[in-house]
Student: 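So that we are looking at the same thing, I have put the structure below in structure tokens.
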Number of protein chains: 2
Amino acid sequence: MTGQTRIQRRNRETILTAALAVFSQYGFRGATLDQIAKQAGLSKPNLLYYFPSKESIHVELLEGLLDTWLDPLREMNAGGEPVEEILAYVRRKLDLSRDYPQESRLFANEILQGAPRIAENLSTELKELVDEKAVVISGWADAGRIARVDPHHLIFSIWAMTQHYADFDVQVRAVLGPGHDPFAEAEQFLNTMFTKLLRPV
Amino acid sequence: MTGQTRIQRRNRETILTAALAVFSQYGFRGATLDQIAKQAGLSKPNLLYYFPSKESIHVELLEGLLDTWLDPLREMNAGGEPVEEILAYVRRKLDLSRDYPQESRLFANEILQGAPRIAENLSTELKELVDEKAVVISGWADAGRIARVDPHHLIFSIWAMTQHYADFDVQVRAVLGPGHDPFAEAEQFLNTMFTKLLRPV
DNA sequence: TCTTGATTTGACCATTCGGTCAAAGGCACG
DNA sequence: CGTGCCTTTGACCGAATGGTCAAATCAAGA
């Protein structure tokens, strides 16, 4: 039922990898099929044998991405120890930024351009998940197990700070100068920051 | 010495405003001169009468931007009350995000693409200013007037969280749903967050 | 008014864009 | 071997790209 030969699977994978590199740097409109083809080591007509259009490649990347991107939040467990659960979420999100910076930049590019291709997912799928977890966090605050903070903006702050290290990597490294490991230092800093924010009074 | 007529000043301003709108949404490569011309209400050859090339428009925007963008940090006063100085910086930076979101996105786009046109400014001008202010912050921590945190990552966190509300505006609004004022809520949240982080132990 | 220089633009150019297509090349299986 | 299908590509297309240029228009001072 897969309907895919070995060659098909391999080439589609090659193309998506190349497209990720190009789209994540230049955005959808700034990227060209020739660039992607060259990066993939294939001819342009060959790309279009595996995908019907430039847009279809972009859409396939984005769809595969949103799920992966939200997994760390889904894993946040209402039954766990509150501060530890949130800190673990921060760590997982920072790991994603370190290990998949291109995916982070692809997402950032899409949002910067007004999210034309995933606006709907944001206000349905994403909003539902965040609202659900916001209830959990509010519950923890009600029980006095964490300090009371706006749960939506808490989640925004986690996104902002972790994704910053992927999206603005060039700037971070330029400012820190050589001899630094931005992600290791970030883990320390974020740990301190969110511990102080959440520790119940 | 200005060498500019009234018309020149007005049209260059019109063009830069239009270009800001287009570049900030699509990035340098994704933006087209036709789009900018249309947005400015001028013909394409007329654009190129005032600017020698697409790139020159982009460069002029970026150069004008970096200064404005760093002003809030420059204003941070070593002689002031430490926590209040840092909170005021956060507020100023958030105001910039609210009032000049296009500028924020233009900058984000440039960094996402690897900062090809301002990489040097980052590792000189920007780094110097940040290093200087990092010394001030460290001094405050030495004196026990704020908690000890990594000053560079403190500054990164301020950038990340304030710019997030401009750059990811679409996402923030999609998740919050209608009836919210993201920036007003953010001010509250950031105030709490940085107060807790910095309050000396 | 006339003149001069600043301003504007229609027509155009070479190149690149996303995409098509027919033909050629490769591969598995009888 | 041969057949049939999967895969690959060179040549090409119309549209859009950044940019040019000569000619037309405008505005202000003599």
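Bear in mind the structure is a predicted one, so any value in this text is a computation, not a measurement. Quick note on labels: first sequence line is chain A, next is B, and so on, each numbered from 1.
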Student: Across the strands shown, which category fits A:Ala31 at heavy-atom distances under 4.0 angstrom: base, sugar-phosphate, nothing?
Tutor: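 Here A:Ala31 touches the backbone only, sparing every base.
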Student: Please pick, from C:dA6, D:dT9, D:dG19, the nucleotide with the shortest atom-to-atom distance to any side-chain atom of B:Gln8.
Tutor: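 Looking only at heavy atoms from C-beta outward on B:Gln8, the closest nucleotide is C:dA6.
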Student: Looking only at side-chain atoms of B:Leu48, point me to the closest of D:dG19, C:dT9, D:dC6.
Tutor: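 Closest nucleotide among those given: D:dG19.
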Student: So what does A:Ile7 hit on the nucleic acid, given a heavy-atom distance under 4.0 Å: a base, only sugar-phosphate, or nothing?
Tutor: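 Sugar-phosphate, backbone atoms only, no base.
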Student: Write down the distance between CZ (B:Arg29) and C1' (C:dC17), rounded to a whole number of angstrom.
Tutor: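 Atom-to-atom, B:Arg29 to C:dC17, this comes out as 11 Å.
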Student: Classify the nucleic acid contact of A:Tyr50 as base, sugar-phosphate or nothing, counting any heavy atom under 4.0 Å across all strands shown.
Tutor: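 Since only primed, P, OP1 and OP2 atoms lie under 4.0 Å of A:Tyr50, the category is sugar-phosphate.
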Student: Can you check whether B:Tyr49 has a side-chain N or O nearer than 4.0 Å to OP1 or OP2 of C:dT8?
Tutor: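 For C:dT8, OP1/OP2 do not have a side-chain N/O of B:Tyr49 under 4.0 Å.
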Student: If I compare all heavy atoms of B:Ala147 with all of B:Arg199, which pair ends up nearest, and what's the gap?
Tutor: CB-O, 3.7 Å
Student: Kindly point out which of C:dC17, C:dT9, D:dT17 is positioned nearest to the side chain of B:Asn46?
Tutor: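 Looking only at heavy atoms from C-beta outward on B:Asn46, the closest nucleotide is C:dT9.
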Student: Could you tell me how the ring of B:Phe23 sits relative to the ring of B:Phe28: parallel (under 30°), tilted (30 to 60°) or perpendicular (over 60°)?
Tutor: parallel
Student: Kindly say if B:Asn11 contacts the phosphate of C:dA6, meaning a side-chain N or O under 4.0 Å from OP1 or OP2.
Tutor: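 Negative; the distance criterion is not met.
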Student: Checking only heavy atoms, does the side chain of A:Lys44 share a donor-acceptor pair with the base of C:dG18 at less than 3.5 Å?
Tutor: yes
Student: Report the relative orientation of the aromatic rings in B:His153 and A:Tyr165; use parallel for angles under 30°, tilted for 30 to 60°, perpendicular for over 60°.
Tutor: parallel
